[in-house]
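Note sheet for the following structure.
In the text below, chain A, chain B and the rest are named by the order of the sequence lines, each starting its count at 1. Remember, it's a predicted structure, so these values are computed and weren't measured experimentally.
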Amino acid sequence: MSAFKAPIGTRDVLGEEGARFAAVVSRFGRTVGLFGYELVVSPMFEDVGVFRRGVGEESEVVTKEMYVFEDKGGRSLALRPEGTASVVRAYVQHRPPLPWRCWYLTPAFRYEHPQAGRYRQHHQLGAEALGSADPELDVEVIGLLATFYRALGLRRLELKLSSMGDGACMPAYRALLAGYLESRSAELCAEHRLRYSRNPLRVLDCKKPECRLVAEAAPRLADALCGPCRDHFGRVTSGLDALGIPWRHDHTLVRGLDYYTRTTFEFAATALDSAQNGLGGGGRYDGLAEALGGPPTPGIGFGTGVERILLACEAEELADLGTGVPQVFVVDLLGGRAATLLADELRRAGVSTTRAFDDRSLKAQLRQADRSGARLAVIVGPDEEATGTVTLRSLRRDSVAGPGEADAAEGPGAEQRRVGRQDLLAAVSGWLR
RNA sequence: GUGGCCGUAGCUCAGUUGGUUAGAGCGCCAGGUUGUGGCCCUGGAGGUCGGGGGUUCGAGUCCCCUCGGUCACCCCA
């Protein structure tokens with residue numbers, strides 16, 4: 001096969017799916033607008049250090065999944081594997097007034113073996129809020145994501161919540177856990193027997209039965225939290241309760257990115273039976289700005305995958321995401337220029353309009369009009385031209401109501417009628433109402 | 001990175017122990033209607049059977065390699 005295909009793990013979104021993709025994005029835009037977040041656009045590639053130091057040297061994403069390349073100037077760059085590190089880098093560079101609350105849509109690249117709901121390029125919608133350590137901000141950000149999912153009509157969701165502690169209690173817990181694991185290291189699975197000391201937290205969500213057994217009895221982070229972290233977590237959960245957002249404390253929620261402190265959360269779609277049912281997640285990253293060379297600045301945010309959302313909507317059979325079908329289809333038997341002008345007039349008036357090209361037969365144009373999903377055809381041919389009129393024809397089963405003369409041959413209740421050329425807009429908008 | 005399953009028209013698939021010019025449905029295009037879509041009828045276009053090599057008189061069918069898809073592990077959106 002000599003024709004090119006999209007690279008492995010990537011895909012083209014078009015047709016019906018394109019309409020749903022656009023609907024998801026626009027609904028996110030509406031939601032963040034409701035919350036007063038501003039759009040931030042940052043580059044799709046960054047100095048590789050942004051991710052190494054931001055996401056974490058030890059993380060799976062950085063160690064094995066990054067697309068790293070050298071440009072012609074010898075700079076070492078990486079395609080962004082996620083959104084947060086870039087946004088925080090932009091914050092450090094521009095220092096916008098705090099609190100800075102923003103949102104984005106970005107492709108994300110990870111070199112992984114593709115499978116259901118997982119691609120080498122996927123798309124994330126995200127929001128970040130920097131400059132406040134107030135737990136009410138955590139509640140707002142999680143609430144924003146919940147509001148968005150609700151706006152899409154998603155119902156079968158589970159919110160998992162945890163706390164990663166902070167600079168005071170996390171290192172102590174890590175040491176405590178490492179000590180515990182050492183005492184039972186012989187019982188761990190082959191992989192973790194050798195690597196538990198490098199990142200003890202990973203053992204907690206290892207799926208191997210032997211590790212699970214050891215993890216059951218391990219000291220819990222929730223019990224090791226310092227006072228301030230415990231208070232913070234309590235304020236977050238009570239805030240979610242107050243907003244009526246159900247949640248579940250998940251001790252095994254150890255998110256893969258190293259920058260998280262305190263609150264971490266993840267929404268899973270229970271309607272999805274595939275292995276990848278995580279819709280979106282995030283957390284607080286109070287040390288991230290500093291790690292990227294900026295002033296200490298607390299922050300919290302999330303990313304959510306558009307492809308996963310689309311899968312979840314499909315699983316919950318949410319058909320009504322609003323497709324981009326036009327309202328009017330102009331049929332032109334005069335060679336095509338008349339359609340250009342009529343479509344322009346309708347579009348200027350805010351009526352979404354499409355038309356045919358290549359001067360096809362009336363039959364062919366109407367067939368195309370039917371398929372387009374438009375409600376109404378506006379037909380111009382020699383007869384209309386001679387009489388200064390246009391013909392409005394219903395493309396549905398209903399008849400053409402409103403102003404204008406019913407087609408003499410069809411009588412009242414006809415599915416098409418003639419109106420004066422100058423009455424086009426009034427007749428069309430009357431009909432579409 | 002590891003493993004299971006699968007690659008025949010745009011899509012979903014059929015193709016008998018290897019045997020003539022590779023089929024169907026849907027979709028697309030045209031006609032049946034001197035200006036009327038949806039339903040129906042008729043016709044048409046569209047395939048180097050993923051690619052390469054091998055076995056054979058002969059390969060969509062058998063063997064090897066390779067590329068791709070899919071699902072799972074790992075990890076994550």
Side-chain angles (χ1 to χ4, degrees), chain A residues 1-11 14-16 24 55 58-65 80-84 105-126 145 189 191-192 199 202 205-208 253-257 266-269 272-282 302-312 329 331-334 356 358 360-386 391-397 407 409-410 414-416 418:
Chain A
M1 181 159 294
S2 59
F4 290 109
K5 294 200 290 195
I8 180 170
T10 68
R11 57 199 208 104
L14 42 75
E16 201 56 34
V24 167
V55 178
E58 292 305 318
S59 68
E60 195 96 356
V61 167
V62 164
T63 54
K64 21 205 276 205
E65 297 178 351
R80 68 195 324 184
E82 58 102 50
T84 302
L105 165 65
T106 181
F109 304 89
R110 292 179 200 170
Y111 192 87
E112 302 187 88
H113 201 127
Q115 69 180 269
R118 181 160 69 199
Y119 303 96
R120 289 189 176 177
Q121 175 179 343
H122 72 278
H123 299 84
Q124 285 192 24
L125 289 159
L145 187 52
C189 76
E191 187 188 345
H192 286 114
N199 192 346
R202 290 260 182 281
D205 53 1
C206 178
K207 305 282 193 304
K208 301 264 166 44
L253 182 65
V254 180
R255 299 192 47 83
L257 314 183
E266 176 178 316
F267 283 88
L272 288 179
D273 48 7
S274 77
Q276 277 67 236
N277 69 348
L279 278 191
F302 65 79
T304 182
V306 179
E307 287 80 359
R308 298 261 175 100
I309 290 171
L310 256 20
L311 285 175
F329 193 106
V331 171
D332 179 356
L333 305 175
L334 301 169
D358 300 316
R360 305 224 279 157
S361 69
L362 174 62
K363 179 177 181 150
Q365 290 192 52
L366 275 172
R367 193 163 45 223
Q368 197 175 326
D370 185 46
R371 274 199 304 260
S372 76
R375 289 176 57 191
L376 185 67
V378 171
I379 305 171
V380 281
D383 295 355
E384 287 82 359
E385 187 181 37
T391 296
L392 268 49
R393 179 178 177 80
S394 170
L395 292 169
R396 305 287 172 82
R397 274 186 296 276
D407 190 297
E410 301 192 40
E415 52 179 11
Q416 77 179 36
R418 287 270 184 95

* With sugar-phosphate meaning primed atoms plus P, OP1 and OP2, does I379(A) contact a base, only sugar-phosphate, or nothing at under 4.0 Å between heavy atoms? -> base

* Looking at R308(A), does any N or O in its side chain come under 4.0 Å of the phosphate oxygens OP1/OP2 on C76(B)? -> no

* **Verify stack between H123(A) ring and A77(B) base, 5.5 Å, 30 degrees** => no

* Ignoring hydrogens and angles, does a donor from either the side chain of R393(A) or the base of G37(B) sit under 3.5 Å from an acceptor on the other? -> yes

* Paired with U20(B) by Watson-Crick or G-U wobble geometry, both distances under 3.5 Å: which nucleotide is it? -> none

* What is the nucleic acid contact for E112(A), judged by heavy atoms within less than 4.0 Å: base, sugar-phosphate only, or nothing? -> base

* Is there a donor on the side chain of K363(A) or the base of G32(B) sitting less than 3.5 Å from an acceptor on the other? -> yes

* Answer yes or no: does a side-chain N or O of R371(A) lie under 4.0 Å from OP1 or OP2 of G27(B)? => no

* Upstream residue (5' side of RNA chain B) when L362(A) and H122(A) are each assigned their closest nucleotide -> L362(A)

* Establish, with yes or no, whether the OP1 or OP2 oxygen of C71(B) is under 4.0 angstrom from a side-chain nitrogen or oxygen of R118(A). => no

* Which residue lies toward the 5' end of RNA chain B, Q121(A) or T10(A), if each is placed at its nearest nucleotide? -> T10(A)

* Asked: Hey, does the side-chain of Q365(A) have a donor or acceptor N/O within less than 3.5 Å of a partner on the base of U36(B)?
  -> no

* Asked: If we ignore angles and hydrogens, is there a donor and acceptor under 3.5 Å between the side chains of Q124(A) and E82(A)?
  -> no

* Counting only side-chain N and O atoms of Q115(A), is one of them less than 4.0 Å from OP1 or OP2 of A72(B)? -> yes

* Distance below 4.0 Å between R11(A) side-chain N/O and G69(B) OP1 or OP2 -> no

* To do: Classify the side chain of D370(A) versus the base of G38(B) as yes if they form a donor-acceptor pair under 3.5 Å and no if they do not.
  => no

